[in-house]
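Every chain is numbered from 1, with letters handed out A, B, ... down the list of sequences. All values below were derived from every heavy atom in this structure, side-chain atoms included, with hydrogens, water molecules and symmetry-related copies excluded.
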Number of protein chains: 2
Amino acid sequence: MFKKETEYALRGMVYIQLQNLKDRRPGVAEIAHEIEAPYFFTAKIFQRLAKQGFVKSMKGKGGGFFIEPEKKDLPLKELIIAIEGEELFIGCGFGLKNCDENNPCPLHHQYGMIRDQINKLVAGETIQSLAQNTLNKTLAFSRETEK
Amino acid sequence: MFKKETEYALRGMVYIQLQNLKDRRPGVAEIAHEIEAPYFFTAKIFQRLAKQGFVKSMKGKGGGFFIEPEKKDLPLKELIIAIEGEELFIGCGFGLKNCDENNPCPLHHQYGMIRDQINKLVAGETIQSLAQNTLNKTLAFSRETEK
DNA sequence: GTATTAAAAGACCTTTTTGTCTTTTAATAA
DNA sequence: TTATTAAAAGACAAAAAGGTCTTTTAATAC
Ligand code: FES
Ligand code: FES
């Protein structure tokens, strides 16, 4: 469904938020380890997210990443679009150049409903809501088992 | 949602089926043109699909591709899995190595419902059903407009 | 037979995605 | 100030996806 980069970003952001709730600021090494992502790739991804304002970072001893608490909740959709664009949310399931209600492809009706649900999911859930759910129900961030 | 290769394959297969219904056997040039896909790439894709038995082909004058009429309807899911694997149909939306009902990720509940719907769509619709729908309602195969 | 047509095979290339590594910058600790 | 820590910047590289082209094989037309 999502690109690897998006998946790492989602997992990482939720992890950062979770740690922030415990008054901690995880660094790249910790994040990468916890979400089971490659260290340098994780570093690059969060560099970009920091530049785009999705997270704040601090250099030096005690440094790391954090999400500004005064910011409003970040919908997954915003993050995903920033990383991989909005094709998934507006594109045609049959691969036509665009989805057109008035000139629908053979999949338009059925695919449209699924796309709507995807939109609803990523617009409704936020990094913060996922972190909160994780706290409440102790959900999984990584798997020990092989793929 | 799908890879380009999958999209071309879906569009091409439905186009072939549509032409077969008119007792025609389109060749690569015609298929590629009609579905707006690159000629050589289309050729390679249908070569593979022919080798895998999803279509039959004939060489030489009057040659081209056709779907054996005696075969039962081909669910989109079979075709898609043959091209890009089943990750989309069983994978974890959060990017964990696998989806595990008993150790769910923060997206499991919500994403699971969407994934189920995707499964239902591609298992229910077939190349033949899409072709028939296209005939009945004159649906779109290509777009004149730019992306 | 030969010419022509069209798919099969496979080499090759480009772009995007994914991942790695080194050097630089900025913060804190001593 | 100097040492240490950790992110920023950016070059580099491997793998996958997407795409192109030439040569070969097999069918039909003559
Ligand atoms: S036209 Fe294809 S999904 Fe709308
Ligand atoms: S565990 Fe993530 S979708 Fe099921």
Practice problem: For B:K61 and C:dT4, give me the distance from atom NZ to atom C1', rounded to whole Å. | Solution: 8 Å
Exercise. Please check if the side chain of A:T6 supplies one atom and the backbone of A:F2 the other of a donor-acceptor pair under 3.5 Å.
Key: no
Exercise. Give one of base, sugar-phosphate or nothing for A:F65, where a contact means two heavy atoms less than 4.0 Å apart.
Key: sugar-phosphate
Exercise. Would you please confirm or rule out a distance under 4.0 Å between OP1 or OP2 of C:dC21 and any side-chain N or O of A:Y39?
Key: no
Exercise. Salt-bridge test for A:E125 and A:K77: reply yes if a basic N is under 4.0 Å from a carboxylate O, no otherwise.
Key: no
Quiz item: Side chain of A:K59: nearest nucleotide among C:dA27, D:dG19, D:dT25?
Solution: C:dA27
Exercise. When you get a sec, tell me which of C:dG19, D:dA27, D:dA8 is the closest nucleotide to the side chain of B:M58?
Key: D:dA27
Quiz item: Once you round it to whole Å, what is the distance between C1' of C:dA6 and CZ of B:F46?
Solution: 16 Å
Quiz item: Among D:dA7, D:dA17, D:dT20, which is the nearest nucleotide to the side chain of B:K3?
Solution: D:dA17
Quiz item: Would you call A:K44 and A:E5 a salt bridge, using N to O less than 4.0 angstrom?
Solution: no
Quiz prompt | Step-by-step salt bridge (Lys or Arg N to Asp or Glu O under 4.0 Å) determination, A:E30 to A:R24 | solution = CA-CA 11 Å; A:E30 179 181 339; A:R24 298 190 64 252; 2.8 Å; yes
Quiz item: Hey, does the side chain of B:Y8 come within less than 4.0 Å of D:dG18's phosphate (OP1/OP2), counting only N and O?
Solution: no
Quiz item: Once you round it to whole Å, what is the distance between P of D:dA8 and CZ of A:F54?
Solution: 15 Å
Practice problem: Calculate the interatomic distance between B:I31 atom CD1 and C:dA6 atom P; express it in whole Å. | Solution: 12 Å
Practice problem: Return the nearest nucleotide to the side chain of B:Q47; candidates are C:dA29, D:dT28, C:dA9. | Solution: C:dA9
Exercise. Take B:G62 and B:T42, find for each the nucleotide of DNA chain D with the closest heavy atom, and name the residue whose nucleotide sits nearer the 5' end.
Key: B:T42
Self-check item: Stepwise side-chain contact (heavy atoms from CB on, under 4.5 Å) check, A:Q132 with A:N136
Solution: CA-CA 6 Å; A:Q132 199 53 57; A:N136 297 343; 3.4 Å; yes
Quiz item: Looking at D:dG18, D:dA27, D:dA9, which one has an atom nearest to any side-chain atom of B:F41?
Solution: D:dG18
Self-check item: Separation of atom CD in A:Q52 from atom P in D:dA7, rounded to whole Å
Solution: 18 Å
Quiz item: Of A:G63 and B:G60, whose nearest nucleotide on DNA chain D comes first from the 5' end?
Solution: A:G63
Self-check item: Euclidean distance, atom CD of residue A:E5 to atom P of D:dA16 [Å, nearest integer]
Solution: 18 Å
Quiz item: Hey, does B:K44 reach any base, or is it just sugar-phosphate, or nothing, if we go heavy atoms under 4.0 Å?
Solution: base
Self-check item: C:dA7 OP1/OP2 closer than 4.0 Å to side-chain N/O of B:K51
Solution: no
Quiz item: To the nearest angstrom, how far is A:L49 atom CG from D:dA8 atom P?
Solution: 10 Å
Exercise. Could you tell me whether the phosphate oxygens of C:dA6, OP1 or OP2, come under 4.0 Å of any side-chain nitrogen or oxygen in B:S57?
Key: no
Practice problem: Could you tell me whether the side chain of B:E84 and the main chain of B:K3 form a donor-acceptor pair under 3.5 Å? | Solution: yes
Quiz item: Roughly how many Å is it from CZ in B:F40 to C1' in C:dG10, rounded to a whole number?
Solution: 13 Å
